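All remarks here apply to the structure that follows.
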Amino acid sequence: MDKDKKEKKYYTVTKLSYTIRVFVALYLLYTVWELRSTPFETEGTERIIFIIAIIAFLVFAIVIGGTSLRALIRKEYAENNPPMDEEDMKEDDK
């Protein structure tokens, strides 16, 4: 019985939060798409800053979008939490 309790996973992030993260990742990808020609139009330090921004936005979009999509597909969000019983609340107080 102790193994069953240890194997249960309780999630704290909601489905809405993951969905918002996916939309943020899509917006970052849109921003990268819009900035794609900017480094060719600028020179010097501005070019380097735009290249760094494009790479950073792309990396963050992939990481945030990928992890959020994976969690949504695997249904690893707070709606999976069972309601707390009085016994569980008593155990938490100890």
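Since this is a predicted model, take the numbers as computed values, not measurements. Below, all heavy atoms of this structure are taken into account, side chains as well, without hydrogens, waters or symmetry copies.
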Could you go through residues 18-30 and list every donor-acceptor pair under 3.5 Å that involves a side-chain atom there, pairing it with any protein atom two or more places apart or in another chain?
from, atom 1, to, atom 2, distance (Å)
T19, OG1, K15, O, 2.8

Show me the donor-acceptor pairs, under 3.5 Å and distance only, between side chains in residues 62-73 and residues at least two apart or in other chains.
from, atom 1, to, atom 2, distance (Å)
T67, OG1, V63, O, 2.8
T67, OG1, I64, O, 3.3
S68, OG, I64, O, 2.8

Open item on the list: Starting from V13, can I reach Y77 by hopping between I/L/V/M/F/W/Y residues whose side chains sit under 4.5 Å apart?
Closed with: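 Yes; V13 is reachable from Y77 via cluster members.
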Name the atoms and distances for all side-chain donor-acceptor pairs under 3.5 Å in residues 33-43, with sequence neighbours left out.
from, atom 1, to, atom 2, distance (Å)
R36, NH1, W33, O, 2.5
T38, OG1, L35, O, 3.4
T42, OG1, T38, O, 3.3

